[in-house]
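Notes to accompany the following structure.
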Amino acid sequence: MAEVSLTGVSKSFGEDIALADVSLTIPDGSFVVLLGPTGAGKTTTLRMVSGLDTPDAGRIEIAGRDMAALTPAQRDVAMVFQQYSLYPHLSVRQNLEFPLKSPILKTPQAQIDAKVGAVAEVLQISHKLDNKATALSGGEMQRVSIGRALVRDPQVYLMDEPLSSLDAKLRADLRVELKSIQADSGATMLYVTHDQIEAMTMATHVGVLDEGRLIQFGTPREIYENPVSIYAASRLGQPRMNVLPADVFGGAPQGAASIGLRPEHIQQGEGEDSLVKRVERLGDQTRLHLVFKDHDLITVTDAHTDLKDGDTVKIRPVSPHYFDAAGARVA
Amino acid sequence: MSFSVTEPTNGTKWFAGLLVVAYAIITLVPLLWIIATGFKSPTDSIAYPPVVVFEPTLEGYVNLFTDRTRATDDMIEAAGPPETWYDEIARSRGTVITGPSRYGERFLNSVIIGFGSTFLCMVLGTAAAYAFSRFRVPLKDDLLFFILSTRMMPPIAVSIPIFLMFRNLGLNDTHLGMILLYTAVNLSLSVWLLKGFIDEIPMEYEEAALIDGYTRFQAFYKVVLPQAATGIASTAIFCLIFAWNEYAFAVLLTSGTAQTAPPFIPNIIGVNGKDWPAVAAGATIFLVPVMVFTVLLRKHLLRGITFGAVRK
Ligand SMILES: Nc1ncnc2c1ncn2[C@@H]1O[C@H](COP(=O)(O)OP(=O)(O)OP(=O)(O)O)[C@@H](O)[C@H]1O
Ligand SMILES: [Mg+2]
């Protein structure tokens, strides 16, 4: 229920630059996914917003208020840590009650019980409520730490790879649940993940970080269809965008050094010959590993294709992306 | 035959077991000897060769807790029949009890000073260790070294200045004085040990509590303290053992009101000749509080020691 804005935020740890001049406005009620490889500064961004770390420079506002002087408790944010930090001396139930019993919230016990019960239900941990927090599997611990955020009704949720150690089915369930909880509460969400499906299905906005810089910020669709660089383009899309020298097909624009081809940029059956190296059937999708003029390419074809290894298929680019030598988009 | 890194071979187990048993015997025999001597008669206690099987008597304990005076048979006759079992024991040796000894008082002093200084040491030590572990303290490393350096000479080496200081401050022979002194001596080691334990507690726990709406102090109290319990307990045992057994300062700085048991026990020797059973009885009773304290916290102590051992 609040807009979050970062203005020129920088943070270094000694020589390490964790964030470099990041400016970002997260609209009220939006679900923002931060993408980026390890060390890109995703966790650091969340810690800045939560108040656990203070920026070296720049300004952080939540709902229009400068946060500089406020403690984490005063910021009204809930956070799920990357290393699930359950209080090991408490039971699962006590862990979930902990934020509600804080001197700031002082929730009545009846309300606590109702809330904890409901959240445990959603996260499928009701049967473990009386376990010690240490007597849980990794996935269960992770769900309890999500629960500790969900029992509250904060202005902003901060979640650092909250679904990373869950199995595929649970992850799919919780994706839907988290999204609907966030949408219902209207809270703003900042969410870190490496999982593209999470990014594509949950996000209203995606921020792409690289080495502490914000490369691109926009809707998942914008980033997918209109990436500013090779780097941003390769964050989204399965299989990943193929990057080849710009001139392999001819017709490259001025200054282009490489061509980026997503599967939908590759029309099959027309153009020049390529060799089918491998046919990978994934059930709903069939991937073709092609060799085109000594370059490897991966694309998608009809799920029931008759193509097999060693066949030849003609391909032709259709409105692909072009990038310059530094990786920036030129067309 | 296969070797495993985790499971020792039978030979190793036997050897280790043998070592443990031998070590236990070496440490326990003198202790058992003292306990046994407490129940011997004075004659048995100095018999040579030493007697292992003897008729137990509570005479040592009676002598420890009472003051007695030598009496002639006529005087004993005149006093009438003995009223209590300890009267009877005293009279069988030709003495009558004139009143309680001061052992009880001394023992109580030991309890007050030992546990008082341990408690104070834990409060101050935990607070200081937490600050050193978590906050950016200016000159942190120098301060830590300085704190430890106070233990680089035996505390008794500074006994004269302490004696003079105590006299000027009116702390001589007071409980408060002894509590402050033992706390000061123990504090450096406590800060170091406790800092090690607190360093091991991941910062994320407190951070989570801060975000959950708690202040730093509440996070410390509700999250850090319960997890540091092991370290605090094992450090407390070390502090208590030192304060409990300390002899030199107790002799120097206490006499009447605040004297602890260690300087008192050897005094018994002087009163009515060499009363070894009474000395042994005093030592045996003196062991009990530390033993109880250690047994109560032994789970923590063991974990504390291994916990410290696996630190990087
Ligand atoms: N407390 C710290 N002390 C020193 N360096 C740090 C600290 N926290 C982060 N860094 C550095 O800042 C950079 C960004 O770290 P951050 O944790 O934000 O990465 P991340 O994007 O969350 O990565 P991951 O996906 O691995 O979690 C890294 O180079 C890291 O080494
Ligand atoms: Mg991270």
Side-chain angles (χ1 to χ4, degrees), chain A residues 43 46-54 67 70-91 94-107 112 132-134 141 144-160 190, chain B residues 122 126 129-131 133-141 194 196-236 296-297 299-304 306-308 310-312:
Chain A
T43 301
L46 297 197
R47 290 177 61 89
M48 293 292 149
V49 174
S50 69
L52 291 175
D53 274 334
T54 43
M67 289 288 123
L70 300 191
T71 65
Q74 293 165 330
R75 295 186 183 199
D76 195 18
V77 298
M79 181 153 166
V80 178
F81 287 78
Q82 189 168 6
Q83 287 91 11
Y84 18 95
S85 47
L86 301 187
Y87 307 120
H89 58 295
L90 300 179
S91 71
Q94 287 166 325
N95 262 282
L96 292 174
E97 287 175 344
F98 197 79
L100 296 174
K101 287 187 165 167
S102 79
I104 290 191
L105 293 181
K106 287 209 188 81
T107 319
I112 292 179
K132 262 207 87 166
T134 43
M141 287 187 193
V144 176
S145 70
I146 298 173
R148 225 172 48 204
L150 293 186
V151 291
R152 286 176 52 192
D153 199 9
Q155 298 200 67
V156 182
Y157 286 113
L158 305 168
M159 299 199 181
D160 204 344
L190 244 170
Chain B
M122 288 305 103
T126 312
Y130 181 75
S133 170
R134 295 296 200 254
F135 299 133
R136 213 178 296 127
V137 179
L139 297 178
K140 181 190 282 190
D141 293 338
L194 288 167
F197 286 111
I198 292 176
D199 282 345
E200 289 294 304
I201 302 171
M203 200 108 86
E204 272 91 9
Y205 295 133
E206 283 150 270
E207 295 186 331
L210 290 181
I211 290 182
D212 282 348
Y214 292 80
T215 63
R216 162 95 36 193
F217 181 76
Q218 289 159 338
F220 168 75
Y221 182 76
K222 286 188 179 272
V223 177
V224 179
L225 217 49
Q227 290 182 70
T230 290
I232 293 175
S234 49
T235 310
L296 286 179
L297 300 182
K299 211 172 61 195
H300 288 302
L301 183 62
L302 270 179
R303 266 180 54 200
T306 47
F307 187 19
V310 294
R311 283 195 58 210
K312 295 125 319 235

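Here the structure is a predicted model, which is why all the values come from computation and not from measurement. Naming: A, B, ... by sequence-line order, numbering from 1 per chain.
- Comparing B/Arg216, B/Glu207, B/Glu204, B/Gln218 by how many heavy-atom pairs each has under 4.5 Å with chain A, the most go to B/Glu207.
- Contacts between A/Arg47 and chain B at a heavy-atom distance below 4.5 Å involve the side chain alone, from C-beta outward.
- The only member of B/Phe220, B/Phe197, B/Tyr221 that meets ring pair (Phe, Tyr, Trp, His ring centres under 6.0 Å) when paired with B/Tyr130 is B/Phe220.
- Between chain B and the residues A/Pro88, A/Gly51, A/Ser50, the largest count of heavy-atom pairs under 4.5 Å involves A/Pro88.
- Here the options are A/Val77, A/Val80, A/Leu150, the test is side-chain contact (heavy atoms from CB on, under 4.5 Å), and the partner is A/Tyr157; only A/Leu150 passes.
- Cation-pi geometry between A/Arg148 and A/Tyr87 is met: the NZ or CZ atom falls under 6.0 Å from the ring centre, inside 45° of the normal.
- Residue with the most contacts toward chain B among A/Pro72, A/Ala73, A/Ser102, A/Ala78: A/Ser102 (heavy-atom pairs, distance under 4.5 Å).
- Between A/Lys101 and B/Asp212, no side-chain nitrogen of the basic residue sits less than 4.0 Å from a carboxylate oxygen of the acidic one, so the salt-bridge criterion is not met.
- Heavy-atom distances place both the backbone and the side chain of B/Ala209 under 4.5 Å from chain A.
- The shortest non-hydrogen separation linking B/Ile232 to B/Leu225 is CD1-CD1, 3.8 Å.
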